[in-house]
Amino acid sequence: LNDLERYFDGSFDRISLQKITYFLQALGVNFNLSFARHLHGPYSPTLKKAFTAFEEHGMIAGFLNGERQTHVTNSGCAIADDFLNQAGKQSDDIIDRLSKLIQGYESPYGLELLASVHWLAHHENHYPVEKIIAAMGSWNESKRNAFNEDSIRVAYQRLKEDKLLN
């Protein structure tokens with residue numbers, strides 16, 4: 001996460017943390033988390049509890065304060081580095097794939113769009129993209145107003161190019 005902070009002006013908001021973790025799991029990191037359709041796309045209540053615990057153990061800071069911006073602490077970076085070193089080259093490949101995937105989507109809005117399109121296609125089996133556009137419009141009023149057809153098509157294409165959709 002620390003390497004990704006530079007794309008997010010040095011910290012992450014809660015929506016972005018959820019979506020980054022969602023994509024890490026989709027890319028092969030076994031967090032054993034369950035995600036469900038939620039207001040801002042895929043969401044895991046268990047992950048929110050985990051982030052609270054991470055802050056209580058000094059691995060992240062800012063998750064619990066009123067600003068809702070979080071950054072990885074030095075302790076958190078050391079723990080993450082140890083974890084990634086044990087995982088070997090596969091973790092480097094996953095982080096590279098994640099970095100490429102989110103290029104151009106480095107905001108809560110962008111990650112919500114990308115994750116929601118992935119959710120609809122992968123978990124709810126909405127194919128082709130026209131069905132995703134219709135499903136996005138019926139998800140909720142916020143999504144209907146925020147995400148136009150062109151942005152949904154571009155996100156869908158990115159997910160296909162990055163081999164997260166068939």
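Here the structure is a predicted model, which is why all the values come from computation and not from measurement. Quick note: numbers below take in every heavy atom, side chains included, and nothing from hydrogens, waters or symmetry partners.
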Practice prompt. Check I20 against L98 and note the closest heavy-atom contact, atom names and distance.
Written response: CG2-CD2, 3.9 Å
Worksheet item: In Å and rounded to the nearest 0.5 Å, what is the CD1 to CG distance from I95 to L24?
Response: 5.5 Å
Worksheet item: Has D82 got more than 12 heavy atoms of other residues, nucleotides or ligands less than 6.0 Å from its CG?
Response: yes
Fill in: Test side-chain hydrogen bond (donor to acceptor under 3.5 Å, both in side chains) applied to D96 and S99, step by step
CA-CA 5 Å; D96 287 345; S99 294; 5.5 Å; no
Practice prompt. Looking only at non-hydrogen atoms, find the nearest pair between A26 and L164 and report the distance.
Written response: O-CD2, 4.0 Å
Worksheet item: Closest heavy-atom contact between A121 and I132?
Response: CB-CD1, 3.7 Å
Worksheet item: Under 3.5 Å, is there a donor-acceptor pair between the side chain of T73 and the main chain of G58?
Response: yes
Discussion item. Could you see if I152 belongs to whatever hydrophobic cluster contains I102? Use Ile, Leu, Val, Met, Phe, Trp, Tyr and a side-chain cutoff under 4.5 Å.
Written reply: yes
Worksheet entry | Test item: E55 side-chain N/O and G62 main-chain N/O as donor-acceptor pair under 3.5 Å | yes
Worksheet item: Under a 4.5 Å side-chain heavy-atom rule over Ile, Leu, Val, Met, Phe, Trp and Tyr, are L47 and Y43 clustered together?
Response: no
Discussion item. If I take atom CG from residue L159 and atom CG from residue L101, how far apart are they, to the nearest 0.5 angstrom?
Written reply: 6.0 Å
Worksheet item: Checking Y109 side chain against A146 main chain: does a donor-acceptor pair fall under 3.5 Å?
Response: yes
Practice prompt. Treating Ile, Leu, Val, Met, Phe, Trp and Tyr as nodes and any side-chain heavy-atom pair under 4.5 angstrom as an edge, say whether L17 and I15 lie in one connected cluster.
Written response: no
Item to complete: Measure the shortest side-chain to side-chain distance between R14 and K48 over non-hydrogen atoms and say whether it is less than 4.5 angstrom.
Response: yes
Worksheet item: Is it true that F12 and F63 have ring centroids separated by less than 6.0 Å?
Response: no
Fill in: Verdict with reasoning, H118 to Y156, per ring-ring contact (aromatic ring centres under 6.0 Å, His included)
CA-CA 7 Å; H118 183 266; Y156 178 80; over 10 Å; no
Worksheet item: Within the side chain of W119, is there an N or O that forms a donor-acceptor pair under 3.5 Å with the backbone of L114?
Response: no
Fill in: Whether Q25 side chain and N30 backbone form a donor-acceptor pair below 3.5 Å
no
Fill in: Closest non-hydrogen atom pair between K19 and A115, with its separation
CD-CB, 3.7 Å
Practice prompt. Indicate the atoms forming the closest heavy-atom contact of L39 with W139, along with that distance.
Written response: O-NE1, 4.2 Å
Discussion item. Show the nearest heavy-atom pair for residues T21 and F51, with the distance to one decimal.
Written reply: OG1-CZ, 3.7 Å
Practice prompt. Evaluate whether atom CG of N32 has more than 12 neighbouring non-hydrogen atoms of other residues, nucleotides or ligands under 6.0 angstrom away.
Written response: no
Practice prompt. Give the ring-plane orientation class for H123 versus Y22, where under 30° counts as parallel, over 60° as perpendicular and anything between as tilted.
Written response: tilted
Worksheet item: For residues 111-136, which residue pairs qualify under salt bridge (Lys or Arg N to Asp or Glu O under 4.0 Å), counting only residues two or more places apart or in two chains?
Response: R37-E124, E112-K143, E130-R153
Fill in: L113 backbone acceptor or donor facing S116 side chain under 3.5 Å
no
Worksheet item: Which residue pairs pass the side chain to side chain donor-acceptor pair (under 3.5 Å) test with at least one member in residues 157-166, sequence neighbours excluded?
Response: none
Fill in: Side-chain donor-acceptor pair present, D13, S16, cut-off under 3.5 Å
yes
Worksheet item: Say you draw a straight line from CD1 of I60 to OG of S75; how long is it, rounded to the nearest 0.5 Å?
Response: 11.5 Å
